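Below you'll find the structure, written out as structure tokens, and then a few comments.
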There are 2 protein chains.
Amino acid sequence: MAAAASHLVPSVGRLGNGDGTSERLLDAATELFARRGFHATSIRDIAARAGANVASGHYHYGSKRGLYLQVLRRQFANVRSLVDRHGPLPPTAVLHRRSRRELIALLTRRVETMIEVMIAPPLQPHGALMLREMCDPTDVMPIIVDEFIRPQTAEMEAIVGALIPAAPPATVQRCVRSIVGQVLFYRFVMPVMLRMLGKQSYPARFTREMAAHVVEFSLGGLARVGRGRMPTLTARRRRPQRRGERGWPRGRTRRTRAR
Amino acid sequence: MAAAASHLVPSVGRLGNGDGTSERLLDAATELFARRGFHATSIRDIAARAGANVASGHYHYGSKRGLYLQVLRRQFANVRSLVDRHGPLPPTAVLHRRSRRELIALLTRRVETMIEVMIAPPLQPHGALMLREMCDPTDVMPIIVDEFIRPQTAEMEAIVGALIPAAPPATVQRCVRSIVGQVLFYRFVMPVMLRMLGKQSYPARFTREMAAHVVEFSLGGLARVGRGRMPTLTARRRRPQRRGERGWPRGRTRRTRAR
DNA sequence: GTCTTGTTGAAACGACTGTTTTAATCGATT
DNA sequence: AATCGATTAAAACAGTCGTTTCAACAAGAC
């Protein structure tokens, strides 16, 4: 019934001192959970890799699940500090007065940081843990959304919104998803992509070109999508405009039910 | 030692007759593997849901893993037949003579089919199984790559290549990834996205607008990226040509090594 | 010294796992 | 009707799982 076990003292921070049984457990658990997943990892594996006893996991973290949650917390706190290391983003109003060149530089750095954190070797546990969380969401997922994804998305929307000031918010959101989607794609389908490339990991040159392409492609996408009204697909030019709708939100028409 | 158990007769086809113990097992396993994953699903769960005995799984499929592999095979055969139902794509040479409007229609249908198969409710097991296979690749992954992903990618490259005939193959490949990535994003981060939308599943309107946006955004990206020479990263432009941009392709310059 | 408190070690518990064994059942063929 | 193969049912097997128990140990307080 020990009182100092860290599952009673939420202390999320916990610098990685490395020594100490609980830290070694956390490190071992991070690696194994990322590599094999929650169910496929036994606390005996974790204890063995940490050079600790089977009971130590329960003593320090209450349960296997508690250990897993702690792993996720620490990992996303790490990512967050990585992403925030360039300082805060200027407020939206300021961004809108920045030059296009500056905005593009901001966007580029965002994309490059994402690639560095999630995709470029040496692979960190972040990506695998996130992928697993998308397969089997746990109690931590809402926390990750609120504390990590929402703010990151908001900042991206600020940048993109400044790049296409005439576009409505919904369009800006979709554009952010398009940009982030392009990047995460390389992480999510990594096993497939590596096999098609015939590599063991992404070459540095590959991730470099990936970043450049995503930015270029996205700038083109923004240019086309971001001119005021949302262009419908088979774009009958802007007049007849039959079925009501005032322009932007209007999705597309026909061809919706494919076949 | 039964001789007719289907793990001895690979018979991948196997129409879904529905009755028959082995079919019920396969259906139950498909749903449970998709929902909970391989390790978190026990053959007792599967047998119970199929109204069969615990031993029937091993009798018909040899092992739990054999059952899982069969599930994946059938599932991707299904997807393939769904995608191919519009008939074969014209050969590349023919595509290059098609009008831009026709090519865009082809691209649009591809995107819409992907969304329909992978994302739009009612959710099919395909997406979840694919996501899990990206977390923990099995022996089937190479088969899926060769029999499903490679041909699909090749067809996409044919369409995109015809849309930007001046672009080198590597650029076409990257563009295909950008397009597919935008779509798959919505499937891979679905738990996060649904939480941010405050919905239980993607509304029909949402997936409609998603398809329209992806096509529009991508056409813009193609237009910018697809004009001739590949915009290399640090691209010393082909001649002095300071940074008085000529507008279009010129990639980005410096800023490659973020920090 | 003793007592207290925080931590580790070894062993065991009960539940559940994938798999195998053995017998019973069904259906068509002879 | 008898036979034989394919299929199903029930039970058991050996192993692993997360978790708990409890004794041993360390170190500071008194």
Side-chain angles (χ1 to χ4, degrees), chain A residues 1-11 14 17-30 32-33 35-72 132 136 138-139, chain B residues 1-11 14 17-30 32-33 35-72 132 136 138-139:
Chain A
M1 193 99 5
S6 58
H7 64 102
L8 301 176
V9 188
S11 81
R14 184 172 295 281
N17 349 9
D19 53 347
T21 304
S22 68
E23 282 78 15
R24 293 201 320 275
L25 280 171
L26 204 54
D27 291 340
T30 300
L32 291 180
F33 282 147
R35 180 145 30 122
R36 311 182 195 167
F38 181 80
H39 288 288
T41 301
S42 75
I43 62 169
R44 283 176 174 81
D45 294 338
I46 297 173
R49 161 174 280 261
N53 191 271
V54 239
S56 58
H58 294 87
Y59 175 75
H60 286 282
Y61 299 98
S63 68
K64 183 186 179 185
R65 174 158 224 90
L67 177 51
Y68 179 73
L69 300 191
Q70 204 69 7
V71 163
L72 250 66
R132 296 193 181 280
D136 305 293
T138 67
D139 326 355
Chain B
M1 189 119 346
S6 58
H7 65 101
L8 301 177
V9 188
S11 81
R14 185 173 293 284
N17 350 7
D19 51 348
T21 304
S22 67
E23 282 79 13
R24 293 202 319 276
L25 280 171
L26 204 55
D27 291 339
T30 300
L32 291 180
F33 282 146
R35 180 146 29 124
R36 310 182 194 166
F38 181 79
H39 288 288
T41 301
S42 75
I43 62 169
R44 282 177 175 81
D45 293 339
I46 297 173
R49 161 174 279 263
N53 191 271
V54 239
S56 57
H58 293 87
Y59 175 74
H60 286 283
Y61 299 98
S63 68
K64 183 186 178 184
R65 174 158 222 88
L67 177 51
Y68 178 73
L69 300 191
Q70 203 69 7
V71 163
L72 250 64
R132 296 194 181 279
D136 305 293
T138 68
D139 326 355

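Each chain gets a letter, A, B and so on, in the order the sequences are listed, and its residues count up from 1. Keep in mind that the numbers below use all heavy atoms, side chains included, and drop hydrogens, waters and symmetry copies. These figures come from a predicted structure and were not determined experimentally.
When distances run from any side-chain atom of B/S42 to the nucleotides D/dT19, C/dT19, C/dT17, the shortest one goes to C/dT17. Side-chain proximity of A/T21 to D/dG18, C/dG9, C/dT8: nearest is C/dT8. When distances run from any side-chain atom of B/S63 to the nucleotides C/dT19, C/dG9, D/dA10, the shortest one goes to C/dT19. Considering only the side chain of B/H58, C/dG18 comes nearest among D/dA10, C/dG18, D/dT19. Closest approach to the A/R44 side chain among D/dA10, C/dA12, D/dT7 is made by C/dA12 (side chain taken as heavy atoms from C-beta onward). Side-chain proximity of A/Y59 to D/dT8, D/dG18, C/dG6: nearest is C/dG6.
If you check the side chains of A/S42 and A/D45, you find a donor sitting under 3.5 Å from an acceptor.
A 4.5 Å side-chain heavy-atom check between A/N53 and A/H58 finds every atom pair outside the cut-off. A heavy-atom distance below 4.5 Å is not found between the side chains of B/L72 and B/F33.
When the P atom of C/dA24 is taken as reference, atom CG of B/N53 falls 15 Å away, rounded to whole Å. One atom, NZ of A/K64, and another, P of D/dT20, lie 14 Å apart when rounded to the nearest Å. Atom CD1 in B/I43 sits about 9 Å away from atom P in C/dT17, given to the nearest Å. If you measure from atom CD1 of B/I46 to atom C1' of C/dC16, you get 15 Å, rounded to the nearest angstrom. Rounded to an integer number of Å, the gap from NE2 of B/H39 to C1' of D/dC17 is 13 Å. To the nearest angstrom, P of D/dT7 lies 11 Å from CD of B/E23. Whole-Å rounding puts the B/L25 CG to C/dG18 P distance at 14 Å.
A donor-acceptor pair under 3.5 Å is formed between the side chain of B/Y61 and the backbone N or O of B/S22.
Atom CZ of A/F38 and atom CZ of A/R65 lie 5.5 Å apart (nearest 0.5 Å).
Nucleic acid contact class of A/S56 (heavy atoms, under 4.0 Å, all strands): none.
The side chain of B/H60 places an N or O atom within less than 4.0 Å of a non-bridging phosphate oxygen (OP1 or OP2) of D/dT8.
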